[in-house]
Asks: 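Below you'll find the structure I mean.
From a predicted model like this one, the values you see are computed outputs, not experimental measurements.
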Amino acid sequence: MPSSTTRSDIEIDQLSKVFGSGDDAVRALDAVSLTIPENEFFTLLGPSGCGKTTLLRMIAGFEQPSSGAIRLGGSDIADLPPNKRPVNTVFQSYALFPHMTVAQNIGFALKMLGRPKAEIEATVAEMLKLVKMEPMANRKPSQISGGQQQRVALARALAPRPRVLLLDEPLSALDLKLRKEMQVELKRLQGETGITFVFVTHDQEEALTMSDRIAVMSAGKVRQVGTPREIYNHPADRFVADFIGDTNFLTATVEKANGATARVRLPSGHQLDAGLPTGLSPVSGDEVTLVTRPEHARLATEGPLKGTVENAVYFGTDTHIHVRLDTGDLFILRNQNTTSAAALPEKGDPVAIAIPDGAVRIVRS
Amino acid sequence: MGKRNFSVASLPGFGTIAIITFIFLYLPIVTLVVYSFNEAASMSRWEGFSLRWYEAALANRQVQDVSIRSLVIAGWAATLATILATMAALATTRNERRFPGQTMIYALINQPLMVPEIVTGVALLIFFAMIKIATGYQGLGYLIAAHTAFCIPFAYLPIRARLETMDLTLERAAADLYATPLQAFRHVTLPLLVPGILAGFMLGFVTSLDTVVITEFVKSAGQDTLPTYMLGQLRRVVTPEMNAISTLFLLLSLIAVTVFFLLSRKKA
């Protein structure tokens, strides 16, 4: 958690980017405002085309904003070319220089900055050690594996000690096992270097496991900013709830709103207390969208939701039970598997679903 | 016969046709080379092996003069054309957004490949005649300028091809790592472009060495190049000395083309 002593490092202020003009104009980024404190692992998460990469490229200096400001440590950098910004990027394709060795790649930035040879050599050695690539120092990028190229790309971007490290879906080209390893590795590097990381991904699991805070984006707008727990447990709107994890959606009518919760009535007549996102205050009679996570609901003999089992899918750690509710909606439950093989309902069985207090929230639709 | 085993190469007569084509292409050249080693002064009667025509060719002052002139012109023209073509290729590939008329410029750069050489020759003759009258300059500059213009598209094509396969992200990465635009060009773009530049230079060089029509139209008195000199000689006495010169010329072209091939294949 950022404490009160941390300074904000990056301030994105009403930043917009429009590609093209007239009827063909595409608003890639729509008045986005964000504050990222120093030393934070901050993730921009969203589906492709949501504007996350455009935002990253504007922080790096590869795109000019149409309007708005980007401040780094208080000073506006929007007009600076990429080589004047204390920001380095790990590219999705790594973009290692093919004609240089691993060591030359890592030392490139310091060489461009005109640092003394001894300092460059010392930093390159330190970086090679940091990413555990010492034996590969004299190889060319074409002579090392994809995972190793990834490490070199990281070391190259970290070598000049940037204020901010930008990572553009850096793990997407790696296979699952290597990706998991690199997730841990990235967290370690961020902790050891104390550099602010801005990480772009479309992988919600990656975002949840690695980030201090996440900004969920869609259609050029930031939908919600928060810690992984906040985003997962208290999604602000239907898009966030749907994009992060698996979610069941229900419709209900508001009976009475009282501060942080609201009493809602399901079509079955049952009443529940549902959490409210900040800033939303529905009135009695409003139709609202409820969300609940599959792992929070459970099978019961009696409950507010009734239906028929349509399918039970075994996942090893748990079983997903698909229930067709009497209202016609599909509801998914996640039941953790235990050694005592408790009898699970089978296809066609009528079931009831119980939802504990605090497991249901209202979202903006 | 199974359909999945079908191959064009297995069609009857395919091999025969291929052999005939090769004979067609190379028999005249093989004949030329063989007769360059002929003892006799005739081009059609074989009298035994000899290097006398090579000795004669190499000792011939005129052959020496025109060869040097050809190499000087080709060297200058290929160098200038390569520099201009590199700049043109950079401008037509390394811009963030296409500028108006970019396709037009691409077509115009390649235009000399399409325009009949004789038209370019006549145009240059008239154009340079005007300059000659205005300035009085009669030197080799006209031939170098004409050859440069003619060689630009040949140098441009491999350089552009190389740039197009080169990832733009590399230059972006260089800028991200504090390289000024000039440093990014010097340390990233240029080293990666070298094979394309060398290939462009070689193509330009060979093209310039080979050009007859344009040289014929542009040259002043006493400015024969090797091909125009040979053409002039063939109209008079024909001795195997011409075979020897042609063979040497062929050897030079082969070396240049081989170097070009090896360079363009390297890390493409």
Asks: Got a sec, which pairs hit side chain to side chain donor-acceptor pair (under 3.5 Å) with one end in residues 187-210 of chain B, sequence neighbours left out?
Replies: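 Checked against side chain to side chain donor-acceptor pair (under 3.5 Å) - neighbours excluded - the pairs reaching residues 187-210 of chain B are H147(B)-S208(B), E171(B)-T189(B).
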
Asks: Could you tell me which non-hydrogen atom of N83(A) sits nearest to which non-hydrogen atom of P181(B), and how far apart they are?
Replies: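 Heavy atoms of N83(A) and P181(B) come nearest at ND2-CD, 4.5 Å.
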
Asks: Counting only pairs under 3.5 Å, give me each side-chain donor-acceptor contact of residues 256-263 of chain B, with atom names and distances, residues two or more places apart or in other chains.
Replies:
{"from": "T258(B)", "atom 1": "OG1", "to": "L254(B)", "atom 2": "O", "distance (Å)": "2.6"}

Asks: Counting heavy atoms not belonging to R188(A), are there more than 12 under 6.0 Å from its CZ?
Replies: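 Yes, CZ of R188(A) has more than 12 neighbouring heavy atoms, counting only those of other groups under 6.0 Å.
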
Asks: To the nearest 0.5 Å, what is the distance between CG (L168(B)) and OG (S93(A))?
Replies: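 If I round to the nearest 0.5 Å, the distance is 11.0 Å.
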
Asks: Which of residues 103-115 of chain A get closer than 4.5 angstrom to chain B, counting heavy atoms alone?
Replies: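 Expected list: F108(A), A109(A), K111(A), M112(A), L113(A).
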
Asks: Are more than 12 heavy atoms from other residues, nucleotides or ligands located less than 6.0 Å from atom CG of L25(B)?
Replies: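 Counting neighbours around CG of L25(B), more than 12 heavy atoms of other residues, nucleotides or ligands fall under 6.0 Å, so yes.
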
Asks: Going by the rule salt bridge (Lys or Arg N to Asp or Glu O under 4.0 Å), which residues pair with K132(A) if we only count those two or more places apart in sequence or in a different chain?
Replies: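 E185(A).
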
Asks: Are N88(A) and Y178(B) packed together at the side-chain level, in the sense that at least one heavy-atom pair is separated by less than 4.5 angstrom?
Replies: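 A side-chain contact exists here, since the closest heavy-atom pair is under 4.5 Å.
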
Asks: If you count every heavy atom of other residues, nucleotides or ligands that lies below 6.0 Å from M114(B) atom CE, does the total exceed 12?
Replies: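 More than 12 heavy atoms, drawn from other residues, nucleotides or ligands, come within 6.0 Å of this atom.
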
Asks: Side chain, backbone, both or neither: which part of D167(B) has a heavy atom under 4.5 Å from chain A?
Replies: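 The answer is the side chain of D167(B).
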
Asks: Which bit of R156(A) comes within less than 4.5 Å of chain B, counting heavy atoms only: side chain, backbone, both or neither?
Replies: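 Both the backbone and the side chain of R156(A) come within 4.5 Å of chain B.
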
Asks: Nearest 0.5 Å please: distance from the CZ atom of F97(A) over to the CG atom of L192(B).
Replies: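 Output value for this atom pair is 9.0 Å.
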
Asks: Does any heavy atom of chain A fall under 4.5 Å from the side chain of A174(B), the backbone, both, or neither of them?
Replies: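 Contact with chain A involves both backbone and side-chain atoms of A174(B).
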
Asks: For the residue pair M100(A) and V188(B), what are the closest heavy atoms and their distance?
Replies: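 Of all heavy-atom pairs spanning M100(A) and V188(B), the closest is CE-CG2, 4.4 Å.
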
Asks: So which heavy atom on A95(A) is nearest to which on T169(B), and how close?
Replies: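 A95(A) and T169(B) have their closest heavy atoms at CB-CG2, 3.7 Å.
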
